[in-house]
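Notes follow the structure.
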There are 2 protein chains.
Amino acid sequence: MNIKKLAEKLQLSITTVSRGLGGYSDVSEATRKKIIKFAKKYNYSPNPNASNLASRKTNTLGFVIPLYGLNSNTLNQASFFEFISGMSNKINSENIQFIMKFANTIDEEKKAYDNLIKVEKVNKVILHNLKKNDPRIKFLQKNKINFVGWGRTQGRINYPWVDLDNETSTNLIMQYLYDRNHRNIAFINVDDKYNFAYQRKQGYLKFLKKNKIKFKKENYISVSYEDPDQVALVIEKKILNNSKITAIICSTEYSAAGAIKACNKANKKIGIDISLITFDGNIVNFITSPSLTAITHDRKILGSKAIEILTSETKIKNNSHYLAKPEIIERGSVLTLKK
Amino acid sequence: MNIKKLAEKLQLSITTVSRGLGGYSDVSEATRKKIIKFAKKYNYSPNPNASNLASRKTNTLGFVIPLYGLNSNTLNQASFFEFISGMSNKINSENIQFIMKFANTIDEEKKAYDNLIKVEKVNKVILHNLKKNDPRIKFLQKNKINFVGWGRTQGRINYPWVDLDNETSTNLIMQYLYDRNHRNIAFINVDDKYNFAYQRKQGYLKFLKKNKIKFKKENYISVSYEDPDQVALVIEKKILNNSKITAIICSTEYSAAGAIKACNKANKKIGIDISLITFDGNIVNFITSPSLTAITHDRKILGSKAIEILTSETKIKNNSHYLAKPEIIERGSVLTLKK
DNA sequence: ATTGTTTTCCAAAACGTTTTGGAAATTAAA
DNA sequence: TTTAATTTCCAAAACGTTTTGGAAAACAAT
């Protein structure tokens, strides 16, 4: 079924059918309804190729996933799926076309963006893993393509974005531990060149400051993703050997795994001898007994908000943004200390 | 840049440029080279919308990801990314367009396939999580759309597929354990309605038979994905309480996590008091000390083979297939018993 | 030199839409 | 009732390709 046949069935011109479906005001409500009815009946939907071609524009969302950075920066697998899941509802209901590309290298990533803009002519983009002064931003702004950042950079931001509220997260955790009388809290983070790690560090530091707790260098460590065993070793040496530390915050599931290993090795029972709280941790959170208390964010909403911003009727404001609120899931790995 | 302008630059007709780029034999080698040179120079690539429209066909691969089944059937997140990663090289080099859809429900999944075929007019599909007598197969065969299964069903198969060699995997593991003098080996599987689980069970059973070891009902348990804590409990009760069992095979990362928890609770040291070997387990494999010995498959190749089958010049044979070979990564959670 | 083949090229039609610029029909205003 | 304004519709052009059905040019055979 194509528009021509549908127009014949309806005894209307092709133009009217097209405009009716497009919701233009120059077709009466009555005929519009009839057109929609027939379109449904004959299961018609416009050929996107013809449509894009004729209108000289697309309604396509482009999205490049940097495979090379998976699990070694802001993108982890679980968060990807949640984000996508949140997006997909909106995408389906808004009838947006959706092109996703996967890049195994930085070079491929560059090519992928080029292709999206120049060949596929997408009009919306989700930008992941933004860097400071990211060239993609200028590129997109120059080409007047709507985009929203998944994650954001530091400092002044002149583009719309969605992100986890990382600073609040660590603040929340610190408060949670503080309320349970922990005063020497170790924070195992990753390199703060990653924004999420930087933000989490800020939350940690600000809480200390607010409560007039001195920052102890030895309580904060930054580990790499690369060698998990190394992580366990570092934790064992620097954290577990420090008898003052009563609680550990892990910034990633990997470091939580490392912490668990270190604790096992040092024969410290999590939730009894030492408290542990981790970000996310879908898999590791139930290995300990009692299971790990964790902090999570609703990343589904992040995905749907991103689409919302991109499709908002009004011209996208450069300060639209959304912060996913954190939530602590209590499971029992945090001990309440005596005063 | 479009084909018309490029033709002007080349002082050739649009037809010749199009056919030259398409590699047709009715344009001389000399002009073809010149065309390609100019196309590169002016950074021209055909508008896919116009191209699809004019040729009445596409070169598009469709792929529906069932989000609802994530981590609760054959699809887990890590395998998805590996598969995709393997695909993407081929996709880029073969200049295939690629549409991926995500379905949160079975209903959405159905709609997604419909959309791919009828609206997007894809000519290639990757089918995931195949069921016996899967209606999608008939649907695609009827519409003469090339497809390849990621995973396969049991029994006679009349379509091309790629899959893990699950039967060999368990066979390999069993041999590995047997060589180290384990005779009472527990296998923690998931419901064998999932084909991969069924195949793994077959490998386990066949090994027993071949080596004339009696199958002991109490050594085989099937656990669900839903409640990880429950898994740990079952393992503790049924496996760890059975003093004859010297080694455990875990079919999924989740059950390995459950096993670790159970061992911790029962105070059994993995790699010392009991041996453990798991499928995959990117995250859990380094929690224990020594780290978990695991069996993995190269899922990247699975992805690239899938594309290879779909793009093979010759008409796709219904018996093309590829089995990813397993490999044991020794880490130290398996003990060699004394004879 | 003529004819037949093969190679190399091209004009025009087609793909299925959207958009433009107006025409016809209806309603409102005078 | 006539004119003006508004509403509702439509024919034709355009989008950037591919494909069809030859035509022209080059080469080969006689």
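FYI, side chains are in, hydrogens and waters are out, and symmetry mates aren't considered; it's all heavy atoms of this structure. A note on names: the letters A, B, ... follow the listed sequences, proteins ahead of strands, and every chain is numbered from 1.
End-to-end axis angle of the helix from C:dA1-D:dT30 to C:dA30-D:dT1, from C1' rotation axes over five pairs per end: 40° (rounded to 10 degrees).
Between C:dT7 and B:Ser25, no contact under 4.0 Å exists linking OP1 or OP2 to a side-chain N or O. Distances shorter than 4.0 Å separate some side-chain N or O of B:Ser28 from OP1 or OP2 on C:dC9.
Between the P atom of D:dT8 and the NZ atom of A:Lys33 lies a distance of 13 Å, rounded to the nearest Å. Across the protein-nucleic acid pair, A:Leu10 atom CG and D:dT8 atom C1' stand 15 Å apart, rounded to whole Å. Straight-line distance from the CZ atom of B:Arg32 to the P atom of C:dT7: 16 Å, rounded to whole Å.
Judged as a side-chain hydrogen bond (donor to acceptor under 3.5 Å, both in side chains), and not counting sequence neighbours, the contacts of B:Ser28 are B:Thr31. With sequence neighbours excluded, no residue forms a side-chain hydrogen bond (donor to acceptor under 3.5 Å, both in side chains) with B:Ser51. With sequence neighbours excluded, the residues forming a side chain to side chain contact (heavy atoms under 4.5 Å, CB included) with A:Thr105 are A:Asp107, A:Glu108, listed by chain and number. A:Ser18 pairs by the side-chain hydrogen bond (donor to acceptor under 3.5 Å, both in side chains) definition with nothing, not counting sequence neighbours. For B:Asp134, the side-chain hydrogen bond (donor to acceptor under 3.5 Å, both in side chains) test picks out B:Arg136, with sequence neighbours left out.
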Run the side-chain donor-acceptor check on residues 87-95 of chain B: report pairs under 3.5 Å with partners two or more places apart or on a different chain.
unit_1, atom_1, unit_2, atom_2, d
B:Ser88, OG, A:Asn104, ND2, 3.1
B:Ser88, OG, B:Ile84, O, 3.4
B:Ser88, OG, B:Ser85, O, 3.1
B:Asn89, OD1, A:Asn104, ND2, 3.2
B:Lys90, NZ, B:Glu308, OE2, 2.9
B:Asn92, ND2, B:Ser88, O, 3.3
B:Ser93, OG, B:Asn89, O, 3.3
B:Ser93, OG, B:Lys90, O, 3.1

In B/S/- notation (B base, S sugar-phosphate only, - none; protein heavy atoms under 4.0 Å), nucleotides 16-28 of chain C written 5' to 3' is BBBBB--------
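Contacts classified as side chain to side chain donor-acceptor pair (under 3.5 Å) and involving residues 32-42 of chain B (residues at least two apart or in different chains) are given here: B:Glu29-B:Arg32.
Geometric assessment of B:Arg299 against the ring of B:Phe83 yields a negative cation-pi assignment under the 6.0 Å and 45° thresholds.
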